[in-house]
Trainee: 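After the structure tokens below, expect a handful of questions from me.
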Amino acid sequence: MNGRMNAWRRLARRKGAMVGLGFVFLFVLLAVLAPWIAPHDPLATSWGAIRKAPSAAYLFGTDEIGRDVLSRVVWGARASLLAGVVSVCISLSLGVPIGMMAGYLGGWTDALISRFTDAMLACPFLILAIALAAFLGPSLTNAMIAIGISATPIFIRLTRAQVMAVKVEDYVEAARAVGNPHLRIALRHIFPNILAPVIVQATLAIAAAIIAEASLSFLGLGQQPPAPSWGSMLNTAKNYVDNAPWMAVWPGVSIFLLVLSFNLLGDGLRDALDPRHT
Amino acid sequence: MGKFLAGRLASILPTLFFVTLLIFGLQQLLPGDPAMVLAGEDQDPNVIAHLRQKMHLDQPLPLQYVHWISGVLHGDLGESLRIQKPVTELILEKLPVTAQLASMAILIALAIGVPAGVISAVKKGTAWDYAANVFALWGLSTPNFWLGILMILLFAVQLGWLPASGYISPFEDLKGNLAAMIMPAFVLGNAFAAVLMRHTRSAMLQVLSSDYVRTARAKGLSERVVILKHALRNALTPVITLGALGFGELLGGTVLTESVFSIPGFGKLIVDAVFNRDYAVVQGVVLITATTYIVLNLLADLAYFIVNPRMRG
């Protein structure tokens with residue numbers, strides 16, 4: 001408990017991390033309160049308000065079929081945050097147990113898992129996610145699965161390395177000497193001690209997953225129209241960049257701010273949870 | 001050298017084997033009968049039967065893999081069902097375009113990332129260091145397709161300096177080619193520059209506090225010689241390896257960059273293939289990309305071996 005309080009104090013001293021945390025909190029609020037905050041229906045078209053520049057009625061302007069850009073940006077926060085968090089949960093739920101198996105059991109299990117992890121890491125993250133999303137079919141759910149699977153090898157490799165370092169510690173040897181079963185040793189004695197780097201990586205992976213979801217949606221493989229998503233909004237906006245640039249500005253600013261916030265928070269967490277790094 | 005090379009080659013063979021398993025396995029993700037999905041909407045029973053036979057789908061899975069991999073080993077990545085051309089031929093057509101884009105992006109990334117990392121480490125704790133770190137965070141947090149759109153807005157629409165999109169072969173018009181490629185190359189190199197900056201900074205900080213740099217300073221060498229000759233040369237060795245790892249992200253980025261700037265390269269090929277449900281092309285592109293990545297990492301390891309005398313000893 002004391003360790004956690006110390007880590008929190010170290011995190012709280014880092015201005016960048018606190019700004020990041022503040023923005024993440026703000027985006028979560030936007031996503032949760034979207035039905036009450038958004039000034040217009042994000043799907044409602046208005047043929048009388050096609051590509052209107054920002055004004056008092058439409059603060060961020062309107063898109064090519066008269067939808068309010070601000071309302072779509074606010075609702076788009078849901079898709080981005082959902083994709084970021086769910087994808088990383090998929091990566092964690094696959095990567096951590098597999099990495100623990102590889103690190104703890106060693107031998108052939110480790111060799112097999114490590115070679116497969118190397119193979120997955122050899123396929124560039126986004127290209128693998130595009131290929132998976134292509135074969136699974138275009139939808140937000142499949143994009144999240146594709147991103148989650150593509151990010152899994154990073155967690156396998158990280159967990160494996162941490163387990164290999166921790167399993168030779170005296171307290172693990174002691175737990176083994178008193179006859180604890182393997183599963184109990186792994187869950188009670190090893191797992192809590194590898195959590196810090198996994199949490200840091202998960203925070204940074206959320207940032208990568210948000211960019212990946214926006215990229216897949218930009219290519220038409222993520223959130224399907226007319227549902228709002230920052231990536232698909234930018235895909236449409238690129239066709240109107242000469243006469244409606246506001247369509248491209250706000251979804252991009254939102255992705256940038258949210259990703260930057262998670263990166264700042266991740267960097268701060270790394271410094272707070274792993275003082276050796278600083 | 002020979003022993004090191006043999007060891008490294010032996011270690012990439014199992015990885016390549018698993019890469020082929022992974023890419024072959026993608027086909028199993030198709031919902032339902034792959035022959036029906038691949039045949040498209042008309043689903044003529046004759047076409048389906050022909051596809052099933054041609055792709056050996058009527059045989060057990062391990063045999064299907066053996067047929068596929070023996071084709072791959074003979075340079076046959078299958079045939080594009082939409083364009084009716086061998087996948088290998090399609091990839092070879094597009095490869096030079098992406099290779100030019102990636103090479104220009106790497107040059108831009110090196111020109112920005114390495115000096116920024118050196119300045120940041122040498123001027124640690126100053127406004128220069130702060131600015132370089134802000135640049136790195138900007139590079140890592142900006143989606144390159146958004147940066148591409150913003151650059152089109154500024155340099156093509158507002159200023160009219162560069163073409164908004166399209167591609168001209170350098171053999172037809174070199175100046176036109178460079179004008180069309182400079183924006184996409186910058187967009188693609190931006191994030192890679194940030195990665196290189198961070199690696200260079202951390203490697204330089206480590207090297208600058210080492211004994212031999214202190215000795216070089218004590219000998220009375222100028223700061224410029226100490227930094228460029230003694231520190232940077234040694235700091236660059238880990239940057240080579242880490243930079244090669246970041247190259248995968250760069251290859252992924254080509255998909256989006258080529259899509260924004262309508263460049264008919266490798267990335268555009270995979271996106272078009274995805275929408276045409278041309279799965280053999282998707283598999284081919286992933287296989288070639290992964291193999292390129294593995295080979296580049298091998299070359300980076302060799303470069304590391306050559307520039308680091310301790311590894312040769």
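Below, read A as the first sequence line, B as the second, and so on, with proteins coming before strands; counting in each chain starts at 1.
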Trainee: Highest number of heavy-atom pairs under 4.5 Å with chain A: which of Val255(B), Ile294(B), Thr292(B), Ile12(B)?
Mentor: Val255(B)

Trainee: List the steps, then state whether side-chain contact (heavy atoms from CB on, under 4.5 Å) holds for Cys123(A) with Thr289(B).
Mentor: CA-CA 7 Å; Cys123(A) 304; Thr289(B) 318; over 6 Å; no

Trainee: Is the shortest side-chain heavy-atom distance between Ser259(B) and Leu219(A) below 4.5 Å?
Mentor: yes

Trainee: Side-chain contact, heavy-atom cut-off 4.5 Å: Val259(A) with Thr142(B)?
Mentor: no

Trainee: At a 4.5 Å cut-off on heavy atoms, which part of Val19(B) comes close to chain A: side chain, backbone, both, or neither?
Mentor: both

Trainee: Using a 6.0 Å cut-off, check whether atom NZ of Lys268(B) has over 12 heavy atoms from anything other than its own residue.
Mentor: no

Trainee: Under 4.5 Å heavy-atom distance to chain B, tell me which part of Leu257(A) shows up: side chain, backbone, both or neither.
Mentor: neither

Trainee: Please report the interatomic distance OG(Ser141(B)) to CG(Leu264(A)), rounded to the nearest 0.5 Å.
Mentor: 7.0 Å

Trainee: Taking all non-hydrogen atoms of both residues, which atom of Phe18(B) and which atom of Ala119(A) are closest, and how far apart?
Mentor: CB-CB, 3.4 Å

Trainee: Rounded to the nearest 0.5 Å, what separation is found between the CG atom of Leu256(B) and the CD1 atom of Ile130(A)?
Mentor: 6.0 Å

Trainee: To the nearest 0.5 angstrom, please state how far the CG atom of Asn144(B) sits from the OG atom of Ser215(A).
Mentor: 7.0 Å

Trainee: Taking all non-hydrogen atoms of both residues into account, name the closest pair between Pro124(A) and Leu251(B) and its distance.
Mentor: CG-CB, 4.1 Å

Trainee: Take a 6.0 Å sphere around CZ of Phe23(A) and say whether it holds more than 12 heavy atoms from other residues, nucleotides or ligands.
Mentor: no

Trainee: To the nearest 0.5 Å, how far apart are CH2 in Trp138(B) and CG in Leu260(A)?
Mentor: 10.5 Å

Trainee: Would you mind checking which part of Ile149(B) comes under 4.5 Å of any heavy atom in chain A, side chain (CB onward), backbone (N, CA, C, O), both or neither?
Mentor: both

Trainee: Are Phe218(A) and Trp146(B) close enough that their ring centres sit under 6.0 Å apart?
Mentor: no

Trainee: How many angstroms lie between CG in Leu140(B) and CG in Asp267(A), if you round to the nearest 0.5 Å?
Mentor: 8.5 Å

Trainee: Side chain, backbone, both or neither: which part of Ile152(B) has a heavy atom under 4.5 Å from chain A?
Mentor: side chain

Trainee: Just wondering, are more than 12 heavy atoms of other shown residues or ligands nearer than 6.0 Å to CD in Gln224(A)?
Mentor: yes

Trainee: Arg115(A) and side chain to side chain contact (heavy atoms under 4.5 Å, CB included): which single residue from Leu16(B), Leu13(B), Thr15(B) fits?
Mentor: Thr15(B)

Trainee: Any chance you could measure Phe266(B), atom CZ, to Ile127(A), atom CD1, to the nearest 0.5 Å?
Mentor: 7.0 Å

Trainee: Given a strict heavy-atom distance threshold of 4.5 Å, which part of Ala131(A) is in contact with chain B: side chain, backbone, both, or neither?
Mentor: both

Trainee: Please find the pair of heavy atoms, one from Tyr293(B) and one from Leu121(A), that lie closest to each other, and give the distance.
Mentor: CE2-O, 3.4 Å

Trainee: More than 12 foreign heavy atoms under 6.0 Å from CZ of Phe25(A): is that the case here?
Mentor: no

Trainee: What part of Asn235(A) gets closer than 4.5 Å to chain B, counting heavy atoms only: side chain, backbone, both or neither?
Mentor: neither

Trainee: By a 4.5 Å heavy-atom criterion (distance strictly below it), what part of Phe17(B) contacts chain A: side chain, backbone, both, or neither?
Mentor: neither

Trainee: What part of Leu26(B) gets within 4.5 angstrom of chain A, counting heavy atoms only: side chain, backbone, both, or neither?
Mentor: both

